[in-house]
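Notes to accompany the following structure.
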Protein chains: 2
Amino acid sequence: MSKRVTSHDVARRAGVSRTTVSLVLNRSDAATFSPETRERVLQAAADLGYKPNSAARMLVSGNSETIGLVISNKDILSVDAFVPQVLHGIGEVNQRHGFHVLLESLASGPGAGTYDHLVESRRIDGLILLNPRQDDEALKRLIENKFPIVLVGTLRHPEEASINYSASASTRQAVDLLADLGHRNVGMVAFAPPGFVAVEGRKEALRRGLVARGLDLADSAVEHANFSAESGHAATRALLTRRPDITAIFAGNDTIAIGVISAARALGRRVPEDLSVVGHDDLPFAAWLSPALTTIRNDAVRQGALAAEMLISILEGKPVAERRVRLQSELMVRQSCAAAPR
Amino acid sequence: MSKRVTSHDVARRAGVSRTTVSLVLNRSDAATFSPETRERVLQAAADLGYKPNSAARMLVSGNSETIGLVISNKDILSVDAFVPQVLHGIGEVNQRHGFHVLLESLASGPGAGTYDHLVESRRIDGLILLNPRQDDEALKRLIENKFPIVLVGTLRHPEEASINYSASASTRQAVDLLADLGHRNVGMVAFAPPGFVAVEGRKEALRRGLVARGLDLADSAVEHANFSAESGHAATRALLTRRPDITAIFAGNDTIAIGVISAARALGRRVPEDLSVVGHDDLPFAAWLSPALTTIRNDAVRQGALAAEMLISILEGKPVAERRVRLQSELMVRQSCAAAPR
DNA sequence: TTGTACGCGTTATCAC
DNA sequence: GTGATAACGCGTACAA
């Protein structure tokens with residue numbers, strides 16, 4: 001690569017001092033320079049293609065204009081399309097604010113201490129964390145130490161900053177839809193093992209919805225998958241074998257729903273005629289599955305964008321109106337639910 | 001956050017100089033210190049929880065131990081599960097080598113000059129680029145300037161370093177499979193507009209495969225989608241309306257295949273009885289679609305890992321045996337192809 | 001309006 | 001074996 005251009009080079013070319021260069025370039029507001037000087041500096045910088053060395057800038061300013069995004073390997077491998085959506089939301093906001101994203105994928109598990117390296121090396125100014133686990137102590141410590149961190153999801157920690165959404169209302173709607181179609185035995189295939197807050201949240205929302213209609217969610221009606229469509233398939237086989245009376249299944253997410261549908265077919269059940277399926281997330285492909293998936297919309301792009309906005313506000317010291325944003329989800333009714341077979 | 005610990009603090013606590021601290025901590029090979037001093041330093045660092053400030057380290061060493069990954073928004077939104085797979089492969093290798101990934105999503109389009117900011121701010125040491133476009137001049141310039149960059153895909157540039165794979169053999173197999181099943185009119189729905197190397201490559205592989213069997217790929221048998229399942233649906237509708245004689249479709253990737261299947265159904269064609277479909281990539285969900293998708297496997301995790309390995313080797317000045325790695329793809333035969341209707 | 005001088009935390013070089 | 005000193009490139013008081 002061609003030799004790097006320093007502020008010194010720019011200064012020389014413009015015939016001014018490095019101070020002037022720095023001031024002109026960084027303080028656009030300061031009208032404290034002659035338009036002529038200003039112009040010369042800008043011109044020289046452009047001619048030379050000057051880009052400040054970010055390391056030096058970081059060192060002196062103490063921040064990196066970079067936010068970390070931590071994702072467990074399991075998630076990234078298999079929650080599939082959800083992560084990119086969030087990423088997209090974050091990316092767009094970042095670009096507007098000149099921030100960068102450092103992606104850290106960590107081995108799964110409680111992962112104690114895994115953020116510390118990132119945080120303490122000062123490589124990042126703040127952190128966005130997807131799908132936290134309830135038992136993540138390292139994370140709690142970070143929050144309590146006031147490290148700037150925004151959750152996509154929630155830890156139900158009083159001090160957390162988070163973008164979360166409520167599945168209650170739309171889950172309730174979905175339950176109503178199914179109950180009205182005559183379903184009495186409803187099951188669930190969670191997207192991950194117990195311990196993830198989102199898993200428990202979705203399960204609870206379903207339970208409450210069912211109870212409100214005089215139904216229930218027996219433990220025998222719940223299986224836990226493990227992120228992938230494949231695991232969804234296996235879990236559904238187990239579930240329907242144990243509880244063949246079940247006529248409707250809530251899938252923990254849309255990827256799991258693919259597995260649910262495939263397992264149903266493998267067991268000789270048509271969807272939706274013999275088994276109704278409700279997904280979760282409304283990933284872009286959901287509407288194009290066969291049958292088109294009825295699912296609870298959880299706008300990942302929006303959540304990513306909001307999380308990034310909030311984090312950047314915190315980092316810039318701007319006031320944040322609400323530190324715990326709660327969005328409403330929305331039921332997308334499509335073709336995967338039908339009247340209960342009799 | 002608690003005050004940061006500098007090497008100076010460690011030095012004081014251990015009763016040695018900063019130099020000693022640095023040498024002990026960074027040069028595990030240098031036997032040039034008394035075991036006792038060595039121990040004292042290590043102990044002090046551990047007690048204080050010392051983590052070197054990465055900005056300072058970057059400034060002096062000139063590299064950031066970070067690799068950039070540039071992804072166009074369009075990709076990340078819609079090629080969906082492919083990107084996370086690659087990311088996963090990269091992440092694993094990086095973790096082993098202590099590297100980080102900086103993710104830059106750029107607005108789509110030719111995007112001239114978009115990497116420059118990243119590159120010249122010295123924020124990253126090297127770059128991995130997915131799915132390059134043939135007309136990306138900024139990229140070519142970067143390669144010609146010897147900036148360390150590894151493509152996942154290819155630009156067919158003599159100086160490039162790339163991880164690529166050949167779809168020829170397995171496309172040929174797929175064509176044979178279909179031809180043997182009696183299909184004569186085969187179409188294609190590309191995953192993106194013309195201009196992406198991978199789009200053209202897949203199309204050419206198909207054309208050659210067909211010609212080898214005495215068939216052809218007329219222009220009227222090709223439609224271009226635009227990354228999403230939805231666009232695959234629309235493109236397929238157009239294709240099958242224009243060429244109702246087509247009985248088998250190669251989808252540009254598995255996400256597009258979802259759209260192809262859904263469009264076929266919407267037009268009253270059963271898959272695979274009335275229309276055979278071949279996907280591309282073998283994303284984790286492909287085996288669980290209904291019908292299970294016959295697809296050309298393109299191991300994204302492996303490609304990501306290989307790209308990261310290669311880039312890190314280049315960065316560390318290690319010899320790289322092959323700068324243009326070419327993997328073989330593999331046909332996964334499942335349920336989405338059947339005898340041509342007559 | 002501009003220049004000088006210093007600090008940020010680390011590492012390399014060269015004395016001791 | 002160990003320690004002082006000088007960079008790395010930038011931002012910014014402070015002096016001029």
Side-chain angles (χ1 to χ4, degrees), chain A residues 1-42 44-45 48-66 98 119-123 125, chain B residues 1 3-42 44-45 48-66 98 117 119-123 125:
Chain A
M1 297 293 318
S2 54
K3 257 196 52 193
R4 53 196 182 279
V5 180
T6 72
S7 64
H8 188 251
D9 300 328
V10 177
R12 255 208 332 236
R13 185 175 234 271
V16 300
S17 73
R18 276 178 39 248
T19 312
T20 309
V21 172
S22 180
L23 256 29
V24 168
L25 260 36
N26 297 311
R27 302 266 195 86
S28 53
D29 55 312
T32 52
F33 284 95
S34 74
E36 183 204 299
T37 305
R38 186 179 214 69
E39 183 52 38
R40 267 219 315 283
V41 171
L42 260 26
L48 266 38
Y50 171 66
K51 301 283 188 325
N53 178 313
S54 64
R57 176 179 269 184
M58 270 189 222
L59 183 58
V60 64
S61 75
N63 45 40
S64 57
E65 306 201 303
T66 299
V119 169
E120 285 166 25
S121 74
R122 311 256 138 196
R123 223 174 249 282
D125 296 342
Chain B
M1 297 293 318
K3 256 195 53 190
R4 54 195 181 280
V5 180
T6 74
S7 65
H8 189 250
D9 301 327
V10 177
R12 256 212 327 242
R13 184 176 234 271
V16 300
S17 72
R18 285 188 357 267
T19 310
T20 308
V21 172
S22 178
L23 255 29
V24 169
L25 260 37
N26 296 311
R27 298 273 195 82
S28 53
D29 55 311
T32 54
F33 282 95
S34 74
E36 183 204 299
T37 306
R38 186 180 213 68
E39 182 54 36
R40 267 219 316 282
V41 171
L42 258 27
L48 267 38
Y50 171 66
K51 300 282 190 324
N53 177 313
S54 65
R57 179 179 268 183
M58 263 157 79
L59 181 57
V60 66
S61 75
N63 44 40
S64 57
E65 304 200 303
T66 300
H117 174 65
V119 168
E120 285 166 25
S121 74
R122 309 259 139 197
R123 224 172 247 282
D125 297 341

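The figures here come from the full heavy-atom set of this structure, side chains too, leaving out hydrogens, waters and symmetry mates. Sequence lines set the chain letters: A, B, ... in the order given, protein chains first and strands last, and positions in each chain run from 1.
Using a 4.0 Å heavy-atom criterion, one finds that Ser17(A) contacts the bases of the nucleic acid, with or without backbone contacts as well. At the heavy-atom level, Ser7(A) lies under 4.0 Å from the strands shown only through sugar-phosphate atoms.
Checking dT1(C), dG7(C), dG9(C) against every side-chain atom of Thr37(A), the shortest atom distance belongs to dT1(C). Closest to the side chain of Asn53(A), from the set dT10(C), dG9(D), dT2(D), is dG9(D). When the nucleotides dG3(D), dG11(D), dG9(C) are ranked by their closest atom to the side chain of Val60(A), dG11(D) comes out on top.
Atoms CG (Asn26(A)) and P (dT12(D)) sit 7 Å apart, rounded to a whole Å. The CZ-P distance, from Arg18(B) to dA7(D), rounds to 15 Å in whole Å. Rounded to a whole Å, the CG atom of Leu23(B) is 8 Å from the P atom of dA12(C). The distance from atom NE2 of His8(A) to atom C1' of dA5(C) is 14 Å, rounded to the nearest whole Å. Going from atom NZ of Lys51(A) over to atom P of dG9(D) covers 17 Å, rounded to whole Å. Atom CZ in Arg12(A) sits roughly 13 Å away from atom P in dC10(D) (whole-Å rounding). The distance from atom CZ of Arg57(B) to atom C1' of dC8(C) is 16 Å, rounded to the nearest whole Å. Spacing between atom CG of Asp9(A) and atom P of dC10(D) amounts to 9 Å, rounded to whole angstrom units.
Side chain of Arg40(A) to backbone of Ala14(A): a donor-acceptor contact under 3.5 angstrom is found. Side chain of Ser61(B) to backbone of Arg57(B): a donor-acceptor contact under 3.5 angstrom is found.
Taking both residues in full, the closest heavy atoms of Leu59(A) and Ala56(B) are given as CD1-CB, 3.7 Å, listed atom of the first, atom of the second, then distance. Between Thr66(A) and Arg123(B) the shortest heavy-atom distance is OG1-NH1, 3.2 Å.
When the nearest nucleotides of DNA chain C are assigned to Ala56(A) and Gly15(A) by heavy-atom distance, the more 5′-ward of the two goes with Gly15(A).
Contact of Thr19(A) with dT4(C) (side chain to base): a donor-acceptor pair of N or O atoms is detected under 3.5 Å.
A sub-4.0 Å separation between OP1 or OP2 of dG9(D) and a side-chain N or O of Tyr50(A) is absent.
Thr20(B) and Ser17(B) share a side-chain donor-acceptor pair at under 3.5 Å.
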